[in-house]
Asks: 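Let me begin by handing over the structure; questions about it come next.
Worth knowing before you read on, the calculation uses all heavy atoms, side chains too, and leaves out hydrogens, waters and symmetry mates.
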Amino acid sequence: MMKQKLCMQIEFPDLEDLKLSSIKVEKIWQDQPGELSYWFPRLTSLIVEGCGNLKYLFTSSMVESLAQFKRLELCDCTLMEEIIIKNGLGEEENVRGMMFPKLQFLKLKGLPNLTRFCTSHLIECSSLIELRIENCPALKTFISNSLSTDAVANNQFEETSSTLFDEKVAFSNIEKLHILGMDNLTMIWHTEFHSDSFCKLKLLKVKQANKLLNIFPPNMLRRFHNLDHLEVNDCSSLEEVFDLRSLMNEKESHAVTAFKLRDMYVYTLPKLKKVWNTNPHGILSFQNLHLVDAWNCPSLKSLFPTSVALGLSQLEELKLTSCGVEEIVAEEERLGEELKFVFPKTTSFILWELPKLKSFYPGRHTSEWPVLKKIDVYLCHEVLVFDSELQSTQGACTQDQLEIQVQQPLFSFEKIIPNLEELSLNSKDAAKVCQGQFPADLFHKIRVLELQCFHDKSAEFPFGMMHRFQNMEKLVVTNGYFKELFPCRLVDEEEHTLARILYLKLYSLPDLEKIWNQDLRVDQLLQNLETLEVWSCGSLINLASSASSFGNLTALHVGDCKALKYLVTTSTARSLVQLSAMSINECQMVTEIVASKGDEAGNEIIFRKLKSLKLDCLASLTSFCSINFTFKFPSLTEVIVTNCPKMKTFSLGILSTPKLQKVWLSEKKDKGHWERDLNITIQQLSV
């Protein structure tokens, strides 16, 4: 009530932006026509948040006062039921239309009791560009008609208000729409629209709308042809994105609608069966698609209808992860003719964890990928990724057609490899490379090589093929049972290959005991190594021999290596003159970061360029170094130590950190006691 009096007695003639937070009032202003425009004549932006007693914001008589509004945000008002209510509960007059001619941005967030924006025959926001509706679970319709008390009692409102937007909503210029946390929403759009509403929509994001069955109404699909960016995420009932069935009756019409859709993301849709529920047969074109990314859709059997896949002339990146896909392109019911798929601009092709995938297309086909630079196929055991050596050039096959279809690989080595820059190989494909008679320069553009899925317990690292990748700069080895990677004896070509590696990443190698043989001159062969990452190598005892040197290493990251007891020796630590970032986490046996292995020559170690040091979840760590050495960190600006309960002091010797700006120390249990024990560390790090 104090706020009402304030608004009546004080003028704010020049105020443009008003934000009200955590005000415990039931009304912000009196319900009088012209009230708002009189006291706030220039107000264009209003933000109301955390006002838990508000049940509404405006009355219908105040609508004309809102004509100058450009921005309206309502957040975390738990009792709010309606944004604009009619004046008087018994009033029979119905508002014929509400106009917000200048409103550009509207946000409704965290309003659990909101059932509608207003009651009217029409709401028109001709300048609205962006609308965000987030975590308003009771909101089923944006605007509703005025109903009598008897109609409400008979649940007629529930029956007539099953869609969020219908013909009563006029948003002619809206470009961005975000819908999040709308668990009771069954349909976004009605089958009838107001004239040109949503025709300019460019971005649509829908997340956590668990009762939605599809996104677009079938008979109004052409209206959304300007859509550029689509994200659909966490909708547990959604079965399809584009409902095309009613369009099949338009075959006699030769008009083709070209969608401008560029980027499409579909994530965590457990019941999604198809993105397009039928083949559009040229009635709709999706030729502008640049990126398609599907993740965690276990019911999805195929991604593209044939006619869509045949027209993807702009596609640059395709990514499928953790889906039930059996074929990427659904088979067209044709009489056995061979199809030709051409992807002239696709540079990245990523398939991860598709256990049911058997083919790109189940029928007879060819595919062309002239500019493909990255192939990453991981845990797709049922599909043949590459053909056998020169298979694709051996002419027509003579076996039964169905048998050929089953065996048809995704790619041909000789057709696809020459332009590739990033390649992943499983054990079978690596064996083909080792055994194949390929031109010497076939793999000359490969910069990044990933070797994965060597699941045989007796697997040996395929070092015999490494000389083929003469320009490789990054090597990733993951998911294999190697006990050792690099042997003690290398031929000249293999040494040259190692010398070019700048980035080495090892991940999920449970049996790996050593990265290289102790007799191998690592400091010479990996002289250019800049980044070393080692993750989930549970049998690894040390990273390198005590005398190893890494003079160009700039980043060192180690995690989840259960047998590791220290990171580097004092001798190796002295060589890390370029190191700028170091992190180690979840290594239960590590007692110190820098260990002495009989090398006591000199008692000073300088990490000249180290800027960031992160130690996390190291249950046995007692100190950075347990011997009395002087450590200097002239460039160190950040130290983060978390969940290291046994660490009492940083080091026993002198510590110098002249540029240190950020120190973060925490422990899950008894944080205060642990920080008091680390008082000496805090003092040292302040030197």
Side-chain angles (χ1 to χ4, degrees), residues 81-84 94-95 97-98 106-108 111-125 128 130-147 151-152 154-172 174-201 203-225 227 230-247 269 271-272 277:
E81 300 173 353
E82 197 168 357
I83 309 303
I84 302 172
N94 190 22
V95 182
M98 294 189 181
L106 174 60
K107 180 178 180 179
L108 308 174
L111 311 175
N113 288 298
L114 185 72
T115 58
R116 54 190 174 272
F117 185 85
C118 62
T119 300
S120 177
H121 283 294
L122 176 69
I123 179 170
E124 185 172 350
C125 303
L128 187 66
E130 183 171 355
L131 171 60
R132 289 175 173 265
I133 305 176
E134 304 176 14
N135 298 317
C136 300
L139 182 64
K140 295 182 180 180
T141 184
F142 195 80
I143 181 174
S144 67
N145 280 320
S146 177
L147 296 174
V152 174
N154 293 329
N155 205 29
Q156 291 181 21
F157 174 81
E158 190 74 25
E159 294 177 0
T160 59
S161 303
S162 58
T163 58
L164 187 59
F165 304 114
D166 55 21
E167 75 282 358
K168 299 187 292 296
V169 177
F171 295 160
S172 57
I174 189 169
E175 295 181 0
K176 299 178 181 180
L177 175 60
H178 301 253
I179 299 174
L180 168 66
M182 304 280 285
D183 279 344
N184 290 307
L185 185 64
T186 56
M187 293 178 64
I188 300 176
W189 287 283
H190 195 269
T191 54
E192 295 182 2
F193 283 82
H194 184 275
S195 62
D196 56 354
S197 274
F198 298 101
C199 284
K200 296 182 179 180
L201 190 66
L203 180 147
L204 174 62
K205 294 185 179 182
V206 182
K207 184 176 181 180
Q208 295 173 357
N210 289 322
K211 290 186 179 180
L212 276 181
L213 296 180
N214 58 37
I215 300 297
F216 301 102
N219 60 331
M220 293 289 182
L221 194 54
R222 296 181 189 273
R223 182 178 292 254
F224 300 97
H225 71 279
L227 191 68
L230 174 64
E231 291 184 28
V232 185
N233 191 355
D234 283 316
C235 298
S236 60
S237 299
L238 192 76
E239 296 181 357
E240 54 204 24
V241 178
F242 298 100
D243 186 351
L244 307 177
R245 285 169 295 194
S246 65
L247 293 176
L269 306 174
K271 293 186 178 181
L272 182 71
N277 66 0

Asks: Checking Asn210 side chain against Ser236 main chain: does a donor-acceptor pair fall under 3.5 Å?
Replies: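 Side chain of Asn210 to backbone of Ser236: a pair is present.
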
Asks: For Asn135 versus Gln208, what's the shortest heavy-atom pair and its separation?
Replies: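 Shortest heavy-atom separation between Asn135 and Gln208 comes out as OD1-OE1, 4.5 Å.
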
Asks: Nearest heavy-atom pair of Ile215 and Leu204: which atoms, and what distance?
Replies: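 So the two residues come closest at CG2-CD2, 3.8 Å.
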
Asks: Side chain of Asn113, backbone of Glu81: donor and acceptor closer than 3.5 Å?
Replies: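 Looks like no, no N/O pair under 3.5 Å.
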
Asks: Angle class for the Phe193/Phe198 ring planes (parallel below 30°, perpendicular above 60°, tilted otherwise)?
Replies: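 Rings of Phe193 and Phe198: perpendicular, over 60°.
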
Asks: On a heavy-atom basis, which atom in Pro137 and which in Pro112 lie closest, and how many Å separate them?
Replies: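 Between these two residues, the closest heavy atoms are CD-CA, 3.8 Å.
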
Asks: Between Ile123 and Ile84, does the side-chain contact (heavy atoms from CB on, under 4.5 Å) criterion hold? Intermediate values first, please.
Replies: CA-CA 11 Å; Ile123 179 170; Ile84 302 172; 5.8 Å; no

Asks: Could you tell me which non-hydrogen atom of Glu167 sits nearest to which non-hydrogen atom of His194, and how far apart they are?
Replies: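 Nearest pair, atom of Glu167 first, then His194: O-CB, 3.2 Å.
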
Asks: How many angstroms lie between atom NZ of Lys200 and atom CZ of Arg223, to the nearest 0.5 angstrom?
Replies: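 If I round to the nearest 0.5 Å, the distance is 13.0 Å.
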
Asks: Can you label the angle between the Trp189 ring and the Phe216 ring as parallel, tilted or perpendicular, going by 30° and 60°?
Replies: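 Judged by the thresholds at 30° and 60°, the geometry between Trp189 and Phe216 is parallel.
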
Asks: Give me the one residue out of Leu269, Thr186, Ile188, Val232 that meets side-chain contact (heavy atoms from CB on, under 4.5 Å) with Leu212.
Replies: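 Exactly one option meets the side-chain contact (heavy atoms from CB on, under 4.5 Å) with Leu212, and it is Ile188.
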
Asks: Short question: side chain of Ser197, backbone of Val169 - any donor-acceptor pair under 3.5 Å?
Replies: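 Yes; judged by distance alone, with no hydrogens or angles, the pair exists.
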
Asks: Would you compute the distance between atom CZ of Arg132 and atom NE2 of His178 and round it to the nearest 0.5 angstrom?
Replies: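 Here the rounded value is 3.5 Å.
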
Asks: For Lys107, I'd like to know if atom NZ has over 12 heavy atoms of other residues, nucleotides or ligands within 6.0 Å.
Replies: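 Yes, because the 6.0 Å sphere around NZ of Lys107 holds more than 12 heavy atoms from other groups.
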
Asks: Classify the ring geometry between Phe165 and Phe171 as parallel (under 30°), tilted (30 to 60°) or perpendicular (over 60°).
Replies: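 Rings of Phe165 and Phe171: perpendicular, as their planes differ by over 60°.
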
Asks: Quick check on side-chain contact (heavy atoms from CB on, under 4.5 Å): which of Asp166, Ile133, Ile83 does Phe142 satisfy it with?
Replies: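 Of Asp166, Ile133, Ile83, side-chain contact (heavy atoms from CB on, under 4.5 Å) with Phe142 is met by Ile133 alone.
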
Asks: Assess, by modelled atom type and distance only, whether the side chains of Ser172 and Asp196 contain a donor and an acceptor separated by less than 3.5 Å.
Replies: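 Result is no, nothing qualifies.
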
Asks: Has Thr141 got a side-chain atom pairing as donor or acceptor with Thr163's backbone, closer than 3.5 angstrom?
Replies: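 Pair found, side chain donor or acceptor close to backbone of Thr163.
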
Asks: Taking all atoms of both residues into account, what is the closest heavy-atom pair of Leu244 and Asn277, and its distance?
Replies: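 The answer is N-OD1, 2.9 Å.
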
Asks: To check you understand the geometry: which heavy-atom pair defines the closest contact between Met98 and Cys118, and what is its length?
Replies: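 Reported closest heavy-atom pair: SD-SG, 3.8 Å.
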
Asks: Would you find a donor on one side and an acceptor on the other, under 3.5 Å apart, between the side chain of Glu82 and the backbone of Thr119?
Replies: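 Such a contact is found between Glu82 side chain and Thr119 backbone.
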
